S.K.: 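This is the structure, below, for whatever I ask next.
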Amino acid sequence: MGDDRRHQVEHGRTTLGIELGSTRIKACLVDEDLVPIAAGSHEWENAFVDGRWTYSLEAVETGLRAAYAALVADVEAQYGVRPTTFRAVGVSAMMHGYLAFDGDGELLVPFRTWRNTSTGPAAERLSEALSFNVPLRWSIAHLYQAVLDDEPHVPSIAGVTTLAGYVHRRLTGRNVLGVGDASGVFPIEGGPVDSGPGEPGARDWDAAMLATTQELLGDRVPDLRALLPEVLVAGEDAGALTPEGAAWLDPTGTLRAGVPLCPPEGDAGTGMVATNAVAPRTGNVSVGTSIFAMVVLEQPLSTPHEELDVVTTPSGDAVAMVHCNNGASEIAAWARVFGRFAEAAGERSGTTAPDLDTVYATLLAEAEHADPDAGGLLSFNYLAGEPVTHVEDGRPLLLRTPGARFTLGNLVRSEVHGAFATLAIGMEVLHGEHVRVDRMTAHGGLFRTPGTPQRLLAAALRVPVALEETAGEGGAWGIAVLAAYLEHTDQQLADYLSDTVFGGDAVHVAEPDPTDVNGFQTYLGRYRAALPVQDVAAAATRTSATTRPAEQTDGADPRLPAEQEVTR
């Protein structure tokens, strides 16, 4: 197998996927069978600057190069050869946010990420005018908010894109977006796609909504459509690596130009691919810094819901998305605390400290046998605001009454319940719409410990939850699969995934346990009742600082790569 893979590397028959998550940039190399054979990563952190969460473009460049260099080093160490070209390349990144450029390609204001929640007035006006839920983090909400705030950079805007779109343009010179990523910028037109098996369908920005939005923007943005990238679906030609793009990614000069690239996608789209959830009545849950659930719809929703985004699969099919800004970071923080305790205890006793996987396994084993409702404990994982529950400025909290059973197991179960609580609230809206889901597939590092997280998620959502063996590979693997799909467009993407990519994979399914379901519902009742505490805590601890260090989130924890990271 080693010699065969060396031959594939030498002859450019491997496929490269790169994903920029919120805490880690990862590069994943797959062989002709789409099996990961090498990886490289670079950890990075967002910064809170002048009241907004951001990453610098210098950090994007540095991080991409570091992740790619680490992958190349991994290939050389395993196979004794350095890759010079690939079968195809794909780029994915956290969705949404705001990257605005002038006519010379210069960034006008620092990148505003999905995490920013300062676009309330714009999102509300857009949602009302379009009769379509426009979330706070969507790119069009950021653009319109800049107009409402009369920001001086607005007249100079020549283009708006996402992080994946920016990186793709640097690599290929093409200003395009995959339809899944595009659906977090501005609404995509609905209705059936008139195409045969494997043929790309026509998907574009919704023309009627563009016209309505143009009226809102007025002459401050004379031509909204001209600012937006071209929309492509999975399998369409998205350009090729240019000499400049190759040098930008690999300054050593080893990487050659000419490699084809698939349309750049968002982390939600790659999460759907990585979990084989692009067909109607399938769905997935991605757990990382944020947490979101995606359900591919059989028919349109009856009415807009502020808890639900309507986005698309990489093929352009409508998806209901419940996106929560806060995911498993608090679980990761507690794991670090207990890991450090074990390390400190080991230093005193002269014993070896457990690795992080063992820390997680130990903590989650305690949660498995805890009280179903976490014994009266209550955990909020709100490191940032949470639109689903109308929390503008979140605070992580652990609450308990004097009579609560404060045990290690209940603490851990409370933190897991807290990570899933907001998602469960959003998913209740889908239940009300009578959306049918055969099963949800979970992915993210939290599920590397089998059993408890999967079982508790099934109880929280009240649907079966599956784990695919390959789902843990995450979005970098998902975008590599989309890149490989460029050579397989004789099949629909859903058929390609089911028949070729996932055909032989084992699937582990957890059914909702009635005791766990009842315990979680009791917990969720306390959670809803205590939500006002968030406003009190934020008001009591608010600071006037406009710049503070990046949060210590799950980036320090390799257990949580989803966004899947979580995607974004």
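The figures that follow rest on heavy atoms only: side chains count, while hydrogens, waters and symmetry mates do not. Nothing here was measured: the structure is a model prediction, and the numbers come from that model. Along the sequence shown, residues carry numbers from 1.
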S.K.: Going by the side chain to side chain contact (heavy atoms under 4.5 Å, CB included) test, name the single residue among Leu356, Leu363, Asp357 that passes it with Tyr360.
M.R.: Leu356
S.K.: Asp104 side chain to Glu106 main-chain N or O, any donor-acceptor pair under 3.5 Å?
M.R.: no
S.K.: Just jot down the side chain to side chain donor-acceptor pair (under 3.5 Å) partners of Tyr98, sequence neighbours excluded, or say none.
M.R.: His153
S.K.: Say whether, by atom type as modelled, one donor and one acceptor occur between the side chain of Ser56 and the main chain of Ala59 under 3.5 angstrom.
M.R.: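 Yes.
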S.K.: Going by ring-ring contact (aromatic ring centres under 6.0 Å, His included), name the pairs with one or both residues in residues 54-74, residues two or more places apart or in two chains.
M.R.: Trp44-Tyr55
S.K.: Kindly write out the residues that satisfy side chain to side chain donor-acceptor pair (under 3.5 Å) with Arg112, not counting sequence neighbours, or none if the list is empty.
M.R.: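 For Arg112 the side chain to side chain donor-acceptor pair (under 3.5 Å) partners, ignoring immediate neighbours, are Glu151.
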S.K.: Between Arg340 and Glu347 (salt bridge meaning N to carboxylate O under 4.0 Å), is one present in this structure?
M.R.: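 So Arg340 pairs with Glu347 through a salt bridge.
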S.K.: Using the test side-chain contact (heavy atoms from CB on, under 4.5 Å), find all partners of Ala69 that sit at least two apart in sequence or belong to another chain.
M.R.: none
S.K.: Excluding sequence neighbours, so at least two apart, what forms side chain to side chain donor-acceptor pair (under 3.5 Å) with Asn326?
M.R.: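 Expected list: Glu386.
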S.K.: Which residues pass the salt bridge (Lys or Arg N to Asp or Glu O under 4.0 Å) test with Arg256, not counting sequence neighbours?
M.R.: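 Salt bridge (Lys or Arg N to Asp or Glu O under 4.0 Å) list for Arg256, sorted by chain: empty.
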S.K.: Can you list every salt bridge (Lys or Arg N to Asp or Glu O under 4.0 Å) pair that touches residues 86-97, not counting sequence neighbours?
M.R.: Arg87-Glu487
S.K.: Working to the nearest 0.5 Å, report the span between CG of Asn325 and CH2 of Trp114.
M.R.: 5.5 Å
S.K.: Do side-chain atoms of Glu265 reach the backbone of Asp181 as a donor and acceptor pair under 3.5 angstrom?
M.R.: yes
S.K.: Going by salt bridge (Lys or Arg N to Asp or Glu O under 4.0 Å), name the residues that satisfy it together with Arg169, two or more places apart in sequence or in a different chain.
M.R.: none
S.K.: Please report the closest heavy-atom contact between Pro135 and Ala141, naming both atoms and the distance.
M.R.: O-CB, 3.6 Å
S.K.: For residues 62-84, pull every pair meeting salt bridge (Lys or Arg N to Asp or Glu O under 4.0 Å), keeping only residues two or more places apart or in separate chains.
M.R.: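 Salt bridge (Lys or Arg N to Asp or Glu O under 4.0 Å) check on residues 62-84 returns Glu61-Arg65, Glu76-Arg82, Arg82-Asp250.
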S.K.: For the residue pair Pro263 and Ile479, what are the closest heavy atoms and their distance?
M.R.: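 Taking every non-hydrogen atom into account, O-CD1, 4.2 Å.
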S.K.: Please examine the side chains of Leu249 and Ile18, heavy atoms only from C-beta on, and report whether any two atoms are closer than 4.5 Å.
M.R.: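 Yes, close enough: below the 4.5 Å cut-off.
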S.K.: Could you tell me which residues satisfy side chain to side chain donor-acceptor pair (under 3.5 Å) with Gln454, sequence neighbours excluded, listed by chain and number?
M.R.: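 None.
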S.K.: Under the salt bridge (Lys or Arg N to Asp or Glu O under 4.0 Å) test, which residues partner Glu58, sequence neighbours left out?
M.R.: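 By the salt bridge (Lys or Arg N to Asp or Glu O under 4.0 Å) rule, Glu58 matches no residue at all.
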S.K.: List for me each residue that meets side-chain contact (heavy atoms from CB on, under 4.5 Å) alongside Glu244, sequence neighbours excluded, and say none if there are none.
M.R.: Thr242
S.K.: Are Thr500 and His488 close enough, and set up right, to give a side-chain contact (heavy atoms from CB on, under 4.5 Å), and what steps lead you there?
M.R.: CA-CA 10 Å; Thr500 303; His488 295 274; 5.5 Å; no
